[in-house]
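To keep things clear, I will list the structure first and then write my remarks on it.
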Amino acid sequence: MPENSFTNSPNSAEAPRRRLPNLFVLRLLVVAVVVGAFMRFFGVNIGSLGQGLAYSLVGVAVFITFRILRFPDLTVDGAFPIGGAVCAMLIVSGTSAELTLFVAFMVGALTGLITALITLFFRVEGLLASIIVITGAYTVTLRVMEARSNVPLLGERTILTPYQAPVRAWLVENFGRGMRRQSNNLVEIVVFALVVIVVLLFLTWFMHTELGLVLRAAGTNSQAVRAFGVNHHLMIILALMLANGLAGLSGSLAVQQLGFADVSLGFGIIVRGLAALLVGEVLLRPRSIGQQILSAAIGMVIFDVSRAWVFAALSLPTTDIRLVSALVVLSALAAPNLIDRWQEWRKKRRRSDA
Amino acid sequence: MLSLEHVSVTFHEGTPNEVRALQDLNLHVRAGDFITVIGANGAGKSTLFNVVAGVVPVDSGKIILNGRDVTNQPEYRRSLHIGRVFQNPILGTCPGLTIREHLSLAALRGKRLGLGSGVKHSNAAWFYELVKSVNLGLETRLDTDIALLSGGQRQAITLTMATMMKPKLLMLDEHTAALDPNAGAQVLELTVKLAEEYGLTVIMITHSMQQAIGVGNRLIMMNRGRVLFDVSGLERETMRYHDLIERFRSLQTGDELSDRTLMS
Ligand SMILES: Nc1ncnc2c1ncn2[C@@H]1O[C@H](COP(=O)(O)OP(=O)(O)OP(=O)(O)O)[C@@H](O)[C@H]1O
Ligand SMILES: [Mg+2]
């Protein structure tokens, strides 16, 4: 038997890794405490937490397309407002608000399906295919909203309204009138958190099923997956539908939080999703698939909180929101890169010192 | 069990870059054959595999697998009967997934995908035995990310995945070429062992003449998209390393000469 030459290099790379305890939960707690303290200290409105939760599924959607599928899909920019518009129209027409969440998911999934079919059948590159779909989706959104650019939900029953009055009464009774202003924000946070947790649990379960396993494999190596007898086109379709379904659902949550649907709601959503993904990855360093999904969602909450803070700290007018978003995204994108370069520079200096 | 009839493949047809990768190629593989394939770079060996696997469509000709015409079947459908290992260890594995998840993927070959658990507890003992029989001590590291394994380790796992569902045909494209001599020898040993154990039909491309005569029961040399010779039985048994090199050289120069005469 020749000397076993397989067991050399990887052991050294792996040994220290395995001995590390799982720090994910610890990081999660630290981030929660820091964000909480930060919000208290700087007086950031807790409304930004609810908003972050409403948008958090976009972070997960971007995780599915960019990380799992490794497919540069921008369709969420179209799926998000369509989901919101359909939700608003249904609520105005008297449909149960809870039901509209499912419908918004389905409509978003349909948008993703169209992008998938354009790439697969016409061999249009993913980036371009999704831009085409976003462009078309704008008109569809307008049509859904009957050619209005804005549909208000004033006085309609959303998934939040049933809890608002009782919670307000309860808060005032127990904590005094000062809590009145925060009561709607608290309802938002709790209701959205519940919806998001249910969705994240479902996704984590799904990623561990046969289909989910193949889906994850298809993203990293489509050749290997075909060699196992899997039609990887179906996996692309499935992942794009799932991701954009989540974006549609997120759109419906956002609309119910804002109290109106707007045709321009989706503009730049993809950038926010990417930022959420990066923020989550940098701060939480997730490893397992469940951790990765959770990190993308939490990344969005952190992103929204920091944006709200930038806004308040510089006392900017609301019209500046896009530029502030762009800058926060830019810093989220640039930070890991800069940190890497800085470390490299330090290493080099140490070497030249020695 | 596998027949290629008058198969031709031309890349970039009608352009100055035209390559006739396979030219009217005929090949009949019997069940239980272990064929080694040699030939110069660009002879069309990988293209032969790609055509059988359905990666590259044929321009003309027929491919019959187990009595069925599969010429127009998509790659993923043919994969149900064909196990493949590539030269590059990276091509056969999915970084980010563990060894156990890879074996689970392989175990799903040919099954309807559902919402059952992807990594089944009931497979644990089977996976353990499979990886243990590879003899690399990987059975204790089933939950390691495959990206952390060396090329040889990965190739051994890929080979296990390609064979564990006992495919009708196993195709190996220089699957030991990227490995150091020790690792290469071990993977080759494993290949022979698995082929015997499962009674697989194997086609193996190699650039090592030693491997080509040392393993299997039939040897094929390809050149310019054709099968130049196809030896088995006694003729192959008595073939020596130097005979093979000699024939390899003479056939090549002969070919070049005839080409030159054609050109002038
Ligand atoms: N997808 C492709 N597109 C264009 N030309 C190709 C393609 N695949 C192979 N060829 C060409 O076909 C010819 C045969 O290539 P092939 O890869 O089958 O050779 P090979 O015998 O496997 O060589 P090697 O020993 O170097 O692996 C080469 O000239 C190659 O350039
Ligand atoms: Mg080749």
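Please read these numbers as outputs of a predicted model, since none were measured by experiment. Order of the sequence lines sets the chain letters (A, B, ...), proteins ahead of strands, with each chain counted from 1.
One side chain, B:Thr176 or B:Gln211, offers a donor N or O that lies under 3.5 Å from an acceptor on the other. Side-chain contact of B:Asp173 with B:Ser46: a donor-acceptor pair under 3.5 Å is present, judged by distance alone.
Here the rule is side-chain contact (heavy atoms from CB on, under 4.5 Å) with B:Ile63, and of B:Asp69, B:Leu27, B:Leu2 only B:Leu2 fits it. Each of B:His175, B:Gln155, B:Gln153 was scored for a side-chain contact (heavy atoms from CB on, under 4.5 Å) with B:Pro89, with one residue passing: B:Gln155.
For a residue to count as touching a neighbouring chain, one of its non-hydrogen atoms must lie under 4.5 Å from one of that chain's; by this rule B:Leu138 does not touch chain A. For B:Leu108, the part lying near chain A is the side chain, with the backbone staying farther off; criterion is any non-hydrogen pair under 4.5 Å. B:Lys120 touches chain A through its side chain: at least one heavy atom from C-beta onward sits under 4.5 Å away, while N, CA, C and O do not. Looking at B:Thr93, the atoms closer than 4.5 Å to chain A (heavy atoms on both sides) all sit in the backbone: N, CA, C or O. No part of B:Arg77 comes within reach of chain A, as not one of its non-hydrogen atoms sits under 4.5 angstrom from that chain.
The CD atom of B:Glu139 lies 9.5 Å from the CD1 atom of B:Ile99; values are rounded to the nearest 0.5 Å.
If you tally non-hydrogen atom pairs under 4.5 Å between each of B:Gly116, B:Pro74, B:Gly92 and chain A, the highest count goes to B:Gly116. Interface remark: of the candidates B:Pro181, B:Ala162, B:Cys94, B:Ala106, B:Cys94 forms the most heavy-atom pairs closer than 4.5 Å to chain A. The greatest number of non-hydrogen atom pairs below 4.5 Å with chain B, out of A:Ile289, A:Asn231, A:Leu211, is found for A:Asn231. Top candidate by heavy-atom pairs under 4.5 Å with chain A, chosen from B:Leu80, B:Ile82, B:Leu97, is B:Leu97.
Judged by distance alone, with hydrogens and angles left aside, the side-chain atoms of B:Asp145 form no donor-acceptor pair with the main-chain N or O of B:Thr98 at under 3.5 Å.
Under a 4.0 Å N-O distance rule, the pair B:Lys111/A:Glu210 does not qualify as a salt bridge.
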